[in-house]
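What follows is a short report on a single structure.
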Amino acid sequence: MKFFHFVFSVLCACSLANAKAESAFPARLPEEKPQDRALSSAMHRFYDEWEGKEDYSKELYTAFKYTKLEGFEDIPNFSRRDPTKVIRIDGVYHVWYTGRKTEHAPVGAKATDTIPATDWDLADIWHATSKDGYVWEEQGVAVSRPPEGVYGHRTICTPDILIWEGRYYLYFQAYKDFSYPWGQIYCPVSVAHSDSPYGPWTFVEEPVVWPGEKEDWDNVKINDPYPIVYQDKIYLYYKGAPVERGHEFIKRMQGVVTAESPLGPFLKSPLNPIFNSGHETALFPYREGVAAIVSLDGPEKNTIQWSPDGENFKIVSHVMTPPIAPGAFVPDAFVGNGDGRGITWGLCHINPDGGGATSESILARFDCDLSLDADREYFKRSNLRFGEDTYFNNPFVVGAKLKKQIARDQKKVDTDTLERSQ
Ligand code: AAL
C-alpha cells in the first residue's frame, strides 16, 4: 500500500513539474478552460463558476451610485421605506412605499395603539409620481390600514406592484398586531387592486399568501412580496422565516409562489427556499431567466444571481454596496416574453442614522448597469475605494446609533478579555 502511494506521489509530482516546465499560464486568457495543463482550484473555479471572465466584463456585474431625491418633504417621524418596483405609465413614473407618519418615533416593546414599535409599524401604503425619476411628487396614501379584525389593521407595509390584464395589484405585508422583537409576529400577504395607478384601491380582506405549517421554514411570516410575470404566470417571490429562533433554525430565506391569476391561489414551489440569503430582493426578467440583487443577510449577500428557470439561482457576480430594499425600474417586469433586458436604476431606502428597526428611513435613487441595452462604463469598475471619511466618519456608513452599539459591544469585548486574562 505504502509502495503504491509512493509511486502515485512521484507520478503526481512529475506531472506537476512537467506542467510547470512546459509553459506558464498564458497572459492572453484562454476562452475555454485549458484541458492540457494542470490548473489550480482557483483556475478551475474561474472557468467552472465564473465563466472564464473578470467580473467587470459581465453584463450582470455593476457598481452602484446613489442620489438624493427631491420632492419628499422632510417631516419628523414621517418615514418612507421599502419602495416597489418603479413602473412607467403614459410617460409618468410611479412608485409605492411603506409610509409611516406618526406623532412619535418607534419605541420597540413599549409601543401603544398610536406609538409605533418599529419603523414599519402603524404604516400605510403611499404613492409618488415623477417625470424624470429624480424629482418626485408625493400623491398621499394609496392603501390605508383596514378595520379591526382584518389582517393589516395594525400595519400594512413593504408593498410591490403587479400589472395583470390592465389592472394594478399592490401586494403587501398585513399585520394584525405588533410584537417586539418583531420577528415573531404572524404575517400573511394581502392585496389591493385598482384600474388606475392613481386608485381608488380595493382592499381584499382575505390574505393571498399565508405562512406555512408549524414545522415549515416559513411558518410565521411572509415578507417582501415581489411579483413579476414569468412564463405566463405570476411568480411572487418572498422572504419567509420560522417563529423559532436560534442557530439551529433558519433565520430567514426566500421562496416563490406562483399563480395563474392575481388573487390566487398561490402555490408554493416544492423547491422552496430558493435563496439561502437576501432580504427585500429585487428581481427582474433577464434573458430567458430571472436575475436577482441579493443584498443583505446570509452567506450569499452582496451578489447578483441568475436562474434559467426562475427557481434555480446561481451567483454570477459579487457586488459592493448594493441597494437596500431596491425597487428597480423594470420596464419588462410583466411582459414574460423570455427576453428580459435588465435594469439601470431604481429606488431603495437608506437609514440616515445608520440604525436598524427603530430608525427612520428615506427613499433614495440608485443607478447601475445590469442591462443588456446599456453600456455604462462607469458602473463596470471592479473595486470601490472608500476615503478616510467613509471609514471613520461618514454617518451613512456608521451612523450615531450603530456607533453607540459598537462602543457598547467593544466595552463588553474588552471586559470579557480583561476578565479572562486575570
Ligand atoms: C424589512 C422587510 C420587511 C420586514 C420589515 C419591513 O426589512 O424585510 O418589511 O417586515 O423589514
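Both ligands and their constituent atoms are indexed starting at 1 by order of listing. On a predicted model such as this, the values are computed, not experimentally measured, just so you know.
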Inset, instruction - Verify whether one side chain among Asp297 and Ser277 offers a donor that lies under 3.5 Å from an acceptor in the other. - result: no
Inset, instruction - Check each atom of ligand 1 against the heavy atoms of Thr158 and keep those under 4.0 Å away; list them by number with element. - result: 3 (C), 6 (C), 9 (O)
Inset, instruction - Take every heavy atom of Arg81, measure it against each atom of ligand 1, and state whether any distance is under 4.0 Å. - result: yes
Inset, instruction - Under the side-chain hydrogen bond (donor to acceptor under 3.5 Å, both in side chains) rule, what do Glu59 and Tyr61 come out as? Steps first, then yes or no, please. - result: CA-CA 6 Å; Glu59 292 285 2; Tyr61 171 79; over 6 Å; no
Legend entry - Parallel, tilted or perpendicular, as decided by the 30° and 60° cut-offs, for the rings of Phe313 and Tyr237: perpendicular
Inset, instruction - May I ask you to list the atoms of ligand 1 that are less than 4.0 angstrom from any heavy atom of Tyr175? - result: 10 (O)
Legend entry - N or O pair under 3.5 Å between Asp224 and ligand 1: yes
Legend entry - Residue pair Phe72, Glu138: steps toward the side-chain contact (heavy atoms from CB on, under 4.5 Å) verdict: CA-CA 7 Å; Phe72 290 106; Glu138 198 149 52; 3.6 Å; yes
Legend entry - Atom indices of ligand 1 within 4.0 angstrom of Lys239 heavy atoms, with elements: 8 (O)
Inset, instruction - Using ring-ring contact (aromatic ring centres under 6.0 Å, His included) as the criterion, point out the one residue from Phe203, Trp201, Trp126, Tyr226 that pairs with Phe172. - result: Phe203
